[in-house]
Structures are given as structure tokens and as C-alpha cells.
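Take this structure first; my questions come after.
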Amino acid sequence: KRIVVLISGSGSNLQALIDKCPQNAKIVGVIANKPDAYGLTRADNAGIETRVLENSRYDTRDAYDHALATAIDALAPDLVVLAGFMRILTPAFVEHYQGRMLNIHPSLLPKYTGLHTHQRAIDAGDTEHGTSVHFVTEELDGGPVILQARVPIFSEDDANTVAARVQQQEHQIYPLVVRWFVEERLRMEAGQAWLDGAPL
Ligand code: GRF
């Protein structure tokens with residue numbers, strides 16, 4: 001199976017996917033919307049083809065997403081993995097990859113969609129937080145959840161310590177979900193995620 005990973009930044013999740021890539025899968029390309037995304041260096045080091053498509057060079061969201069889809073489809077992926085890709089995607093783009101695009105969001109969805117999730121969890125006095133892998137649908141961070149990991153929040157925590165704890169879990173669960181997809185055990189149907197034929 002061919003995998004394309006989209007990033008905007010550090011790419012620690014990309015690194016976990018590189019390190020734990022299933023036997024019958026290959027990350028055939030990494031695309032970033034920021035030229036300075038450190039994940040591009042990680043991809044280079046792993047001998048993976050990279051491409052930068054800067055959103056600032058496009059006038060409209062539609063124009064950017066169209067160019068992005070063209071770049072992705074040139075790599076003919078079976079699966080598109082969003083790994084810290086900090087862009088809201090157009091409905092047409094999302095529709096095109098329906099059922100074959102995953103995202104990881106640093107909260108226990110449906111709690112805290114959007115940005116600054118760690119600080120928001122702390123501010124709310126939550127004692128538990130986490131991360132969710134989900135299929136991407138039109139609704140921002142709203143697609144069917146596949147797998148979550150939970151972490152505690154301690155009184156001495158700040159957003160950075162919580163983020164580090166969450167990311168450690170992300171690096172475990174994202175490669176696992178990708179493996180399920182590659183093994184054809186995971187699919188999205190009727191607005192729901194299914195694993196081994198059972199709804200999640
Ligand atoms: C992750 O915490 C992910 O949940 C969020 O963005 C962060 C990306 O980190 N969507 P990295 O670039 O994979 O290190």
C-alpha cells in the first residue's frame with residue numbers, strides 16, 4: 001500500500017510512521033505547506049520524496065486544495081495521512097479522499113476540536129486528556145473516531161508537559177491505525193469507522 005503524509009511542522013508523528021511502517025506499506029511522499037517544516041528533513045533522511053506546496057502562493061483555498069490534490073494523486077496513494085497538517089480542507093478535497101484519509105487530533109474528541117487543545121483542557125480543570133485518530137470528513141475534527149489514547153493531567157502540568165505526554169501516545173496509536181488500514185481491517189462506511197467488520 002502506498003501512503004502519502006501531509007505535514008506542517010516538526011513531523012514527530014511522521015517519524016513514528018516511518019519507524020513503524022508495516023512491511024507491505026511504503027510512505028511514497030511527504031508534502032508540506034511550509035518550506036521550513038522539520039518533518040521534510042526527517043523524510044529526506046529516510047529517503048522519502050518530498051514536496052513543498054506553499055499555501056501563501058495561492059489566492060484561494062480552492063486553488064490551493066486543487067494543487068494539493070494534484071500533487072497527492074501524482075503519487076497514487078491508497079491512504080493519505082494528515083500528521084500535523086495545519087490547514088482546513090475544502091469539502092471537494094475531503095470528498096475526493098473520503099474513506100482513505102486519516103487525521104490525528106490532540107484531544108479526546110468530541111471534546112476540544114480546533115486549536116490550543118492542551119491549554120483548553122487545563123483551563124477546564126480536566127484531569128484526563130488525550131488524542132484521537134479519526135477518518136477525515138467535511139466537519140473539522142468531526143469524522144468518525146477510530147482510536148483514542150488517554151493521559152492524565154496533573155496539577156503541576158502546563159500545556160508543554162501535557163503536549164509531550166499526549167505526543168508519546170500519538171506515536172503509538174497512529175502507526176497502529178495505519179497498520180489496520182494497510183491490512184484492510186479498517187474502513188469507513190455509513191459515517192462510521194469499522195474494524196474487522198464491527199463498528200467502532
Ligand atoms: C500533533 O500533536 C497532532 O495531534 C496535531 O499536531 C501535532 C503534530 O506534531 N495535529 P508533529 O508535527 O507530528 O510532531
Side-chain angles (χ1 to χ4, degrees), residues 3-21 25 27 29-46 48 50-55 65 68 72 79-89 93-94 97 101-124 126 128-153 157-181 193:
I3 302 170
V4 168
V5 183
L6 271 50
I7 61 164
S8 299
S10 140
S12 68
N13 279 285
L14 166 66
Q15 189 67 58
L17 293 167
I18 291 170
D19 294 343
K20 298 178 183 174
C21 193
I27 301 173
V30 169
I31 303 175
N33 67 322
K34 304 270 183 214
D36 57 350
Y38 180 65
L40 291 167
T41 304
R42 299 181 190 269
D44 273 341
N45 290 342
I48 299 168
T50 63
R51 179 99 198 258
V52 177
L53 269 186
E54 280 184 85
N55 51 280
D65 280 9
L68 183 60
I72 294 169
L79 177 66
V80 177
V81 175
L82 307 181
F85 188 62
M86 303 302 282
R87 294 274 306 165
I88 291 174
L89 300 162
F93 182 92
V94 170
Y97 298 104
M101 183 157 61
L102 303 174
N103 183 41
I104 191 159
H105 179 76
S107 79
L108 294 173
L109 290 172
K111 277 185 130 177
Y112 311 126
T113 61
L115 297 174
H116 312 301
T117 56
H118 309 305
Q119 191 59 53
R120 285 158 67 200
I122 291 168
D123 291 348
D126 294 358
E128 190 179 58
H129 184 47
T131 183
S132 308
V133 178
H134 65 94
F135 279 110
V136 177
T137 62
E138 255 191 58
E139 203 187 328
L140 178 71
D141 301 325
V145 169
I146 300 161
L147 185 61
Q148 297 184 313
R150 292 165 190 278
V151 301
I153 297 180
D157 273 327
D158 60 26
N160 290 324
T161 56
V162 173
R165 199 172 298 132
V166 166
Q167 287 221 338
Q168 229 180 339
Q169 294 302 313
E170 293 189 326
H171 302 161
Q172 304 301 319
I173 69 169
Y174 216 178
L176 178 60
V177 171
V178 166
R179 175 179 298 274
W180 288 343
F181 189 92

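One-based numbering, in listed order, for ligands and for the atoms of each. Only a predicted model underlies this, so the values are computations on that prediction, with no experimental measurement involved.
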| Do any heavy atoms of G11 fall under 4.0 Å from ligand 1? |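 A heavy atom of G11 does come that close to ligand 1.
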
| Would you say the side chains of T131 and E170 form a donor-acceptor pair under 3.5 Å? |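 Yes, a side-chain donor-acceptor pair sits under 3.5 Å.
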
| task | Report the distance from atom NE2 of H105 to atom OG1 of T113, rounding to the nearest 0.5 Å. | result |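 Going from the NE2 atom of H105 to the OG1 atom of T113 covers 6.0 Å.
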
| The single option from H118, R150, H171 passing side-chain contact (heavy atoms from CB on, under 4.5 Å) against V166 |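 That would be H118; it is the only one of H118, R150, H171 passing the side-chain contact (heavy atoms from CB on, under 4.5 Å) with V166.
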
| Heteroatom proximity flag, S12 to ligand 1, N/O under 3.5 Å |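 Min N/O separation from ligand 1 is below 3.5 Å for S12.
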
| Taking atom 9 (O) of ligand 1 as the reference point, the nearest protein heavy atom with its distance |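 Protein heavy atom with the smallest distance to atom 9 (O) of ligand 1: Q167 NE2, 3.2 Å.
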
| query | With no hydrogens and no angle check, is any side-chain donor or acceptor of D65 less than 3.5 Å from a backbone partner on L89? | reply |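 Looks like no, no N/O pair under 3.5 Å.
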
| What protein heavy atom is closest to atom 5 (C) of ligand 1, reported as residue, atom name and distance in Å? |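 Scanning the protein heavy atoms, the shortest distance from atom 5 (C) of ligand 1 goes to P106 CD, 3.8 Å.
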
| T117 side chain to P106 backbone, donor-acceptor under 3.5 Å |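 Checking the backbone N and O of P106 against the side chain of T117, a donor-acceptor pair under 3.5 Å is found.
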
| field | Nearest non-hydrogen protein atom, atom 6 (O) of ligand 1 | value |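 Nearest protein contact, heavy atoms only, for atom 6 (O) of ligand 1 is G84 CA, 3.6 Å.
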
| For ligand 1, is T131 a contact, meaning one of its heavy atoms is under 4.0 Å away? |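 Not so, T131 does not reach ligand 1.
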
| query | Can you tell me if R120 uses its side chain to pair, donor with acceptor, with the backbone of L115 under 3.5 Å? | reply |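 Yes, R120 side chain to L115 backbone: donor-acceptor pair under 3.5 Å.
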
| said: Below the 3.5 angstrom mark, is there an N/O of N13, backbone or side chain, next to an N/O of ligand 1? | reply: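 Yes - when backbone and side-chain N and O of N13 are compared with those of ligand 1, one distance drops under 3.5 Å.
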
| said: Among all the protein's non-hydrogen atoms, which is closest to atom 10 (N) of ligand 1, and how far away is it? | reply: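 Its nearest protein heavy-atom neighbour is I104 O, 3.1 Å.
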
| message | Once you restrict to heavy atoms under 4.0 Å, what part of E170 touches ligand 1? Side chain, backbone, both or neither. | response |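 The side chain, only.
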
| request: Decide whether an N or O pair under 3.5 Å exists between M86 and ligand 1. | output: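 Between M86 and ligand 1 (N or O atoms, distance only) the closest approach is not under 3.5 Å.
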
| request: Flag the pair V80 / F85 as yes when at least one side-chain heavy-atom distance between them is below 4.5 Å, and no otherwise. | output: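 No, their side chains stay 4.5 Å or more apart.
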
